[in-house]
2 protein chains.
Amino acid sequence: MKITKQREVIYEILRKNRNHPTALEIFDEAKRILPDISLSTVYRTLKDMVVHGDVVEIKLEGESKARYDLNTGEDHAHFKCRACNRIYDVSLMLPLDLVGFKVEKVDVYIYGLCPECSQKEVTA
Amino acid sequence: MKITKQREVIYEILRKNRNHPTALEIFDEAKRILPDISLSTVYRTLKDMVVHGDVVEIKLEGESKARYDLNTGEDHAHFKCRACNRIYDVSLMLPLDLVGFKVEKVDVYIYGLCPECSQKEVTA
DNA sequence: ATTTGTGCAAATCCTTTGCAGATAA
DNA sequence: TTATCTGCAAAGGATTTGCACAAAT
């Protein structure tokens, strides 16, 4: 893993902007500092960071582009407002209704091992 | 909304297969009954059904194709096993650990109105 | 010196769309 | 009849990839 200017810039953009930018938005901002950076590099770097667990990829309903966020390690849900399209990080520990959010739909995706495969892994 | 053979077949496939098929899988199965059906029609029909709330679109991490499931009205999460890739519907009311699932990651997406927009809607 | 990363352009993959003919109401 | 739906082929949009050059170790 080499430390390149491109990677540093992309990381910095994610660290400063906590608005869940798309790859294209990151690219546009990165160009202001490194005019010759390419979109491929942005995509490649983001994918590396996701694999390494440093970055989280967010795929909201109805959006074709993925969004990215630094992985803070804290569990939180992503709330998207259908009126203003803003995305909020919300704690999973607080009842949302109480703070004024109107929840219309909840999607939960869980990843891991099912009982059968979990069993196999233990045996192996 | 016309009732066509194509729509009936697609609906039946979704009713019988509760394996969260992709559009292509639905298409392949539909061809066995309607050899001339087109993939476009499958996509168009699924989209209509999603808009009407009859079908739920599922986008799992790492999968490029969307999956589809009849909307049963019951809230449930989707569990994907990283070993066998099977997708399970799991109740949101039971602690998963207890039934042998090894949970490694949870993604929660919430949709609705944020406090600010919720307020505006009341005032309007 | 050698390995790894980058930019470019082209390719890929899933999904959508325009249109002329077909079909349900 | 006539409004809507379909199949086809082509377009679209986001992301990935091959390759020759460049940069980091």
Side-chain angles (χ1 to χ4, degrees), chain A residues 1-14 19-52 54-69 78 80 85 87 109, chain B residues 1-14 17 19-52 54-69 78 80 85 87 107 109:
Chain A
M1 256 298 195
K2 294 183 185 175
I3 297 167
T4 65
K5 286 203 179 295
Q6 291 84 339
R7 282 176 184 165
E8 286 176 325
V9 166
I10 292 168
Y11 187 86
E12 270 309 292
I13 289 170
L14 283 167
N19 323 319
H20 312 87
T22 64
L24 203 63
E25 286 165 352
I26 293 165
F27 173 58
D28 285 338
E29 198 151 332
K31 273 195 294 190
R32 301 200 329 225
I33 297 145
L34 293 176
D36 290 337
I37 196 172
S38 75
L39 186 51
S40 322
T41 296
V42 173
Y43 272 114
R44 266 189 290 234
T45 302
L46 289 171
K47 178 167 258 196
D48 287 351
M49 288 173 166
V50 169
V51 168
H52 283 235
D54 302 321
V55 165
V56 176
E57 194 180 42
I58 301 153
K59 293 179 170 184
L60 280 312
E61 152 173 299
E63 304 198 351
S64 44
K65 309 185 204 28
R67 296 179 172 277
Y68 300 88
D69 195 19
H78 292 104
K80 180 179 177 184
N85 292 316
I87 295 146
Y109 293 102
Chain B
M1 257 297 196
K2 294 183 184 175
I3 297 168
T4 65
K5 287 202 180 296
Q6 291 86 338
R7 282 176 184 167
E8 284 176 325
V9 166
I10 292 169
Y11 186 86
E12 270 309 294
I13 289 170
L14 283 168
N17 297 19
N19 323 320
H20 312 86
T22 63
L24 203 63
E25 287 165 352
I26 293 166
F27 173 59
D28 285 338
E29 199 152 330
K31 272 195 295 192
R32 302 199 331 224
I33 297 145
L34 293 176
D36 290 336
I37 195 172
S38 75
L39 184 53
S40 320
T41 297
V42 173
Y43 272 114
R44 265 189 291 235
T45 303
L46 288 170
K47 178 165 258 198
D48 286 351
M49 288 173 165
V50 168
V51 169
H52 282 235
D54 301 322
V55 166
V56 176
E57 194 180 40
I58 301 153
K59 293 180 169 182
L60 279 312
E61 150 172 303
E63 303 198 351
S64 43
K65 310 184 202 30
R67 297 179 170 279
Y68 299 89
D69 195 19
H78 292 104
K80 179 177 180 187
N85 290 317
I87 295 146
D107 279 353
Y109 293 102

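Because only heavy atoms are used, hydrogens play no part in the values below, and waters and symmetry mates are left out as well, while side chains stay in. Quick caveat, the model's predicted, so the values are computed rather than measured.
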For A/Glu8, all residues meeting salt bridge (charged side-chain N to carboxylate O under 4.0 Å, His left out), sequence neighbours excluded: none
Please determine if a side-chain N or O atom of A/Arg7 lies less than 4.0 Å away from the OP1 or OP2 oxygen of C/dT6. yes
Could I get the full list of salt bridge (charged side-chain N to carboxylate O under 4.0 Å, His left out) partners for B/Asp48, not counting sequence neighbours? B/Arg7
Taking A/Ile37's backbone N and O only, do any of them form a donor-acceptor pair with A/Thr41's side chain (distance below 3.5 Å, no angle check)? no
Protein proximity profile, nucleotides 16-25 of chain D - base contact B, sugar-phosphate-only contact S, no contact -, cut-off 4.0 Å on heavy atoms: BBB----BBS
Which residues satisfy the side-chain contact (heavy atoms from CB on, under 4.5 Å) test with A/Val50, sequence neighbours excluded? A/Val55, A/Glu57, A/Tyr68
Whole angstrom is fine here: how far is it from CD in B/Glu57 over to C1' in C/dC14? 11 Å
Tell me whether the side-chain N/O atoms of B/Gln6 come closer than 4.0 Å to OP1 or OP2 in C/dT23. no
What is the distance, rounded to the nearest whole Å, between atom CG of B/Leu46 and atom C1' of C/dT17? 16 Å
Whole-Å gap separating C1' (D/dT15) and CG (A/Asp48): 14 Å
Does a side-chain N or O of A/Ser64 approach OP1 or OP2 of D/dG13 to a distance below 4.0 Å, or not? no
A/Asp28 CG to D/dA14 P, in whole Å, measures 12 Å
Helical bend (five base pairs per end, nearest 10°) for the helix from C/dA1-D/dT25 to C/dA25-D/dT1: 40°
With distance as the sole test, does A/Glu29 use its side chain to make a donor-acceptor pair with the main-chain N or O of A/Ile26 at under 3.5 Å? no
For A/Ile26 and D/dA14, give me the distance from atom CD1 to atom C1', rounded to whole Å. 14 Å
Roughly how far, to the nearest 0.5 Å, is the CD1 atom of A/Ile3 from the CE atom of A/Met1? 9.5 Å
Can you check the A/Ile33 CD1 to C/dT6 P distance for me, whole Å? 15 Å
All side-chain contact (heavy atoms from CB on, under 4.5 Å) counterparts of B/Asn85, not counting sequence neighbours: B/Lys80
Report which part of the nucleic acid A/Leu24 touches: base, sugar-phosphate, or nothing (heavy-atom distance under 4.0 Å, all strands). nothing
Which of these nucleotides, C/dC14, C/dC8, C/dT15, is closest to any side-chain atom of B/Lys65? C/dC14
Taking it one step at a time, do B/Asp69 and B/Leu14 satisfy side-chain contact (heavy atoms from CB on, under 4.5 Å)? CA-CA 6 Å; B/Asp69 195 19; B/Leu14 283 168; 5.8 Å; no
Whole angstrom is fine here: how far is it from CD in A/Glu63 over to P in C/dC14? 21 Å
Please check this pair: side chain of B/Arg67 against backbone of B/His20, looking for a donor-acceptor N/O pair closer than 3.5 Å. yes
Between CZ of A/Phe27 and C1' of D/dG13 the distance, given in whole Å, is 16 Å
